[in-house]
Amino acid sequence: IILSPVFYRTRTSAIGLVHAAEKWIFRLESAYQHTLSSDPLLQPWIWSNAAALETNIEIGSTTATLLTQFYYSKNPSAADNLISSSYRLFDQTGVLGMRWNYSDDLTLTASSLFESKTLGWFWMLSFEQKMSDVLKWGMGWRDFSAAKQGLIKTFEQNDHANLEITYYF
């Protein structure tokens, strides 16, 4: 087995717009990346776009942050199932997320990603509780499913729960 690095140069041009209005934040972004190297294994270009909307809502005396995003990318070739194509998950994808600070010590988080090309879903729910200034713990669940072959389908058997304990020193 011989491992050797791949060196390549790219040129990226991008534009972004953010507008904050009262309770809402709007974001638009677009980027074009062109590969300057002549290596045939490298994708020659990619055009990526994103639109997002964020707001906070009051739930009793607490605040929850809600976020929705849509990604759209254009590529000259089809995605494969290799790790080098993992960024292609965002070719045509919608994302919803929520973070609710229920109290100073307890945070609840939920998010969902829908990839339209493979009808793939990834969602997760979690909470994190602060026990002291140096100790916190949390639990979560992550779920993958897809109707068609693609990156999410690859991970379909990897649904899992996690338990975290963090100690700061």
Side-chain angles (χ1 to χ4, degrees), residues 1-56 64-100 107-126 128 138 140-162 164 166:
I1 297 176
I2 298 173
L3 297 176
S4 59
V6 175
F7 298 99
Y8 62 94
R9 293 180 48 220
T10 62
R11 179 174 294 137
T12 303
S13 301
I15 188 167
L17 170 69
V18 177
H19 178 70
E22 305 253 342
K23 289 180 59 167
W24 301 92
I25 299 174
F26 302 93
R27 291 186 183 90
L28 293 172
E29 300 170 2
S30 184
Y32 177 82
Q33 185 176 64
H34 179 78
T35 302
L36 301 175
S37 303
S38 57
D39 188 332
L41 297 175
L42 299 174
Q43 183 165 283
W45 59 270
I46 181 174
W47 179 40
S48 301
N49 304 279
L53 179 63
E54 179 179 336
T55 191
N56 290 323
T65 301
L66 303 175
L67 174 68
T68 183
Q69 296 177 320
F70 179 74
Y71 299 95
Y72 177 81
S73 296
K74 214 51 182 152
N75 300 276
S77 57
D80 52 35
N81 215 23
L82 302 174
I83 194 67
S84 59
S85 286
S86 62
Y87 70 93
R88 300 289 298 271
L89 178 63
F90 295 100
D91 278 358
Q92 292 178 17
T93 302
V95 176
L96 296 172
M98 183 213 55
R99 180 183 171 112
W100 180 19
T107 301
L108 306 170
T109 306
S111 61
S112 178
L113 176 145
F114 176 71
E115 199 276 318
S116 64
K117 287 185 174 184
T118 64
L119 303 177
W121 283 98
F122 167 72
W123 61 269
M124 62 185 214
L125 297 170
S126 64
E128 182 177 277
W141 176 260
R142 296 183 178 121
D143 186 87
F144 299 85
S145 63
K148 300 176 186 175
Q149 286 299 323
L151 188 63
I152 293 179
K153 185 83 165 172
T154 301
F155 294 104
E156 193 168 46
Q157 300 301 315
N158 292 326
D159 300 344
H160 62 278
N162 62 314
E164 285 186 25
T166 304

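- Using bins of under 30°, 30° to 60° and over 60° for the plane-to-plane angle, the ring pair Tyr71/Phe90 lands in the perpendicular bin.
- Atom OG of residue Ser48 and atom CG of residue Asn75 lie 7.0 Å apart, to the nearest 0.5 angstrom.
- Taking a 6.0 Å sphere around CH2 of Trp123, one finds it holds more than 12 heavy atoms contributed by other residues, nucleotides or ligands.
- For the pair Trp45 and Lys74, the tightest heavy-atom approach, listed with the atom from each and the gap, is CZ3-O, 3.3 Å.
- Looking only at distances, no side-chain donor or acceptor of Thr118 sits under 3.5 Å from a matching main-chain atom of Gln149.
- Dense packing is recorded around CG of Leu36, with more than 12 heavy atoms of other residues, nucleotides or ligands lying under 6.0 Å away.
- Listed here is the closest heavy atom pair of Ile152 and Trp121: CG2-O, 3.6 Å.
- Side chain of Thr68 to backbone of Leu53: no donor-acceptor contact under 3.5 angstrom is found.
- The distance from the OG atom of Ser30 to the CG atom of Asn49 is 4.0 Å, given to the nearest 0.5 Å.
- Judged by distance alone, the side chains of Thr12 and Gln33 do bring a donor and an acceptor atom under 3.5 Å apart.
- Here the closest heavy-atom approach between residue Ala31 and residue Trp47 is recorded as O-CD1, 3.2 Å.
- Note that CG of Leu67 and CZ of Arg99 are 12.5 Å apart. Values are rounded to the nearest 0.5 Å.
- In this structure, CG in Leu125 is found 9.5 Å from OG1 in Thr109, a value given to the nearest 0.5 Å.
- Note that OG1 of Thr65 is 9.0 Å distant from CD1 of Ile25, once rounded to the nearest 0.5 Å.
- You'll find the side chain of Phe114 reaches within 4.5 Å of the side chain of Leu119, heavy atoms only.
- Taking both residues in full, the closest heavy atoms of Gln92 and Phe70 are given as C-CE1, 4.5 Å, listed atom of the first, atom of the second, then distance.
- Taking the six-membered ring where the residue is Trp, His19 and Phe26 present parallel rings, their angle staying beneath 30° rather than reaching 60°.
- With sequence neighbours excluded, no residue satisfies salt bridge (Lys or Arg N to Asp or Glu O under 4.0 Å) with Glu29.
- Pairs of residues two or more places apart, or lying in two chains, that qualify as salt bridge (charged side-chain N to carboxylate O under 4.0 Å, His left out) and include a residue from residues 140-157 are Lys153-Glu156.
- Inter-residue side-chain proximity for Trp141 and Asp159 is flagged as met; some heavy-atom pair is nearer than 4.5 Å.
- Summarising the geometry, atom CE belonging to Met98 is positioned 11.0 Å from atom CG belonging to Leu96; distances are rounded to the nearest 0.5 Å.
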Derivation and outcome, side chain to side chain contact (heavy atoms under 4.5 Å, CB included), residues Leu113 and Ser111
CA-CA 7 Å; Leu113 176 145; Ser111 61; over 6 Å; no
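- The backbone N or O of Gln43 sits less than 3.5 Å from a side-chain atom of Thr35, completing a donor-acceptor pair.
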